[in-house]
Participant: 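Just dropping this structure here.
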Amino acid sequence: MKTIKGITPFKNKIWLSSPTMHGEELKYMQEAYETNWMSTVGANINEVERITCKTVGVDYAVGLSSGTAALHLAVRLAGERLYGQPKVGHGTLEGKKVFCSDMTFDATVNPVVYEGGEAVFIDSEYETWNMDPETLEKAFESYPDVKLIVLAHLYGTPAKIDKIREIADKYGALIIEDAAESLGATYKGKQTGSFGDYAIISFNGNKIITGSSGGAFLTNDPNDAEKVKKWSTQSREAAAWYQHEELGYNYRMSNVIAGVIRGQYEHLQEHIEQKRTIWDKYRGGLKDLPVSMNPIPDDCEANYWLSCMIIDKNAMAYQVRREKDVSYESEVGKTCPSEILEAIASINAEGRPIWKPMHMQPMYRSNIFIKKDKEDIGADIFDRGLCLPSDNKMTMEQVDTVIGVIRQCFE
Ligand SMILES: *Cc1c(COP(=O)(O)O)cnc(C)c1O
């Protein structure tokens with residue numbers, strides 16, 4: 001690593017994206033405590049579901065224990081709708097291919113496997129870093145029988161959802177929209193999470209608002225909402241005793257956690273504003289370097305969850321990532337994500353590599369991966385890109401300090 005000169009490390013660590021509490025959270029948690037609704041039932045859950053519907057513009061939201069749980073139930077619901085109810089002990093997607101975002105957190109994809117499906121990965125595009133609609137079209141040409149798409153909006157930038165919807169409709173496929181990272185972002189004026197046949201959001205600790213954990217399933221269909229709520233509470237039938245006709249889960253949201261989320265919702269817009277200011281500051285400060293910020297096309301409004309950058313190809317220093325470690329060389333006038341991440345860490349701040357694409361993961365390496373042409377775009381963005389410290393409590397001076405460190409990496 002190049003030696004970083006003239007910069008004092010931050011006294012308190014600057015995180016990638018940490019929870020930011022405001023006070024109301026405690027009030028609603030305390031209400032749960034004082035009224036003894038210390039359970040998976042209560043006013044906070046009802047309110048979180050109501051506010052979620054209003055924010056995203058959907059008719060029904062079901063509060064769940066995590067975004068992953070919401071994805072699992074969305075996948076199960078889609079599987080049953082497409083292929084019918086499986087025998088007990090079997091998944092709904094056994095032997096079925098599902099088109100999935102490739103460059104994303106593995107929580108997007110794992111639920112397909114929980115249901116016995118086979119994830120087929122669709123490469124990303126440079127314009128949004130999300131699933132490339134042209135590659136999706138190509139995938140359908142090879143596998144026209146596929147009936148399900150799981151689509152993530154990475155880092156708060158919406159995918160080209162219009163085109164993806166058009167293709168899905170042409171082939172009669174359903175879309176599950178993973179809006180875990182994009183709560184509050186809009187595409188052509190419409191909120192992410194309102195486009196999919198089913199959609200999910202997450203309230204995990206590092207998301208734009210958080211309950212410490214939690215998630216929600218979103219739909220416009222009252223029967224879907226009822227079913228997911230029932231499945232999430234162990235599939236109890238309406239009977240005087242515990243009567244079960246189908247498989248259930250313990251996935252319901254806690255009323256205490258819902259209190260935190262309820263308080264956080266009052267600050268969603270403020271968080272987005274803060275994140276946008278940070279992203280703008282980075283963009284301005286890095287303008288004259290051979291890098292670009294993560295793309296935000298004109299037809300959408302991102303939530304700016306994470307500020308990311310990508311190094312121009314001709315400014316990349318030698319870097320080789322092996323399974324679990326990396327080597328790189330410090331070169332004059334060039335750098336690489338590994339060097340920048342080390343330099344950022346050396347001043348007590350946290351950056352992170354881009355999500356390592358699923359087709360490069362040992363557990364998914366033998367799955368089918370579909371690219372537009374020869375180039376592996378996901379692998380390239382992973383190689384040259386990184387996430388910058390994006391905590392909404394960062395001051396502009398602190399962002400400037402990080403920019404100064406990045407600048408020195410290019411010397
Ligand atoms: C965080 C995240 C999830 C999972 O949400 P949890 O609430 O952590 O289970 C799913 N998909 C993406 C893209 C995420 O970033």
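For this chain, numbers begin at 1 and follow the sequence in order. Each ligand, and each atom within it, is numbered from 1 in the order the structure gives. The analysis underlying the following values was restricted to heavy atoms, covering all of them including side chains, and did not include hydrogens, waters or symmetry mates.
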Participant: Which residue supplies the protein heavy atom nearest to atom 15 (O) of ligand 1, what is that atom called, and how far is it?
Facilitator: Glu181 OE2, 2.6 Å
Participant: Can you tell me the protein heavy atom closest to atom 5 (O) of ligand 1 and the distance?
Facilitator: Ser202 OG, 3.3 Å
Participant: Please check whether Thr104 reaches ligand 1 - meaning an N/O of the residue sits under 3.5 Å from an N/O of the ligand, judged on distance alone.
Facilitator: no
Participant: Among all protein non-hydrogen atoms, which one is nearest to atom 9 (O) of ligand 1, and what is the separation to 0.1 Å?
Facilitator: Thr68 OG1, 2.5 Å
Participant: Pick one of side chain, backbone, both or neither for how Asp178 approaches ligand 1, counting any non-hydrogen atom pair under 4.0 Å.
Facilitator: side chain
Participant: Show the atoms of ligand 1 that are less than 4.0 angstrom away from any heavy atom in Ala107.
Facilitator: 3 (C), 4 (C), 10 (C)
Participant: Among all protein heavy atoms, pick out the one at the shortest distance from atom 2 (C) of ligand 1; state its residue, atom name and that distance to 0.1 Å.
Facilitator: Lys207 NZ, 3.0 Å
Participant: Report yes or no: does Ala69 have a heavy atom closer than 4.0 Å to ligand 1?
Facilitator: no
Participant: Heavy-atom contacts with Asn204 under 4.0 Å: which atoms of ligand 1 show up? List them by number with element.
Facilitator: 7 (O), 8 (O)
Participant: Hey, is ligand 1 close enough to Gly67 that some N/O pair sits below 3.5 Å?
Facilitator: yes
Participant: Which one of Ser182, Ala180, Ser65 has a non-hydrogen atom at the shortest distance from atom 3 (C) of ligand 1?
Facilitator: Ala180
Participant: Could you list which atoms of ligand 1 come closer than 4.0 Å to a heavy atom of Gly214?
Facilitator: 7 (O)
Participant: Between Trp305 and ligand 1, is there a nitrogen or oxygen pair with a distance under 3.5 Å?
Facilitator: no
Participant: Side chain, backbone, both or neither: which part of Ser66 has a heavy atom under 4.0 Å from ligand 1?
Facilitator: both
Participant: Non-hydrogen atoms of His153 versus ligand 1: any pair closer than 4.0 Å?
Facilitator: no
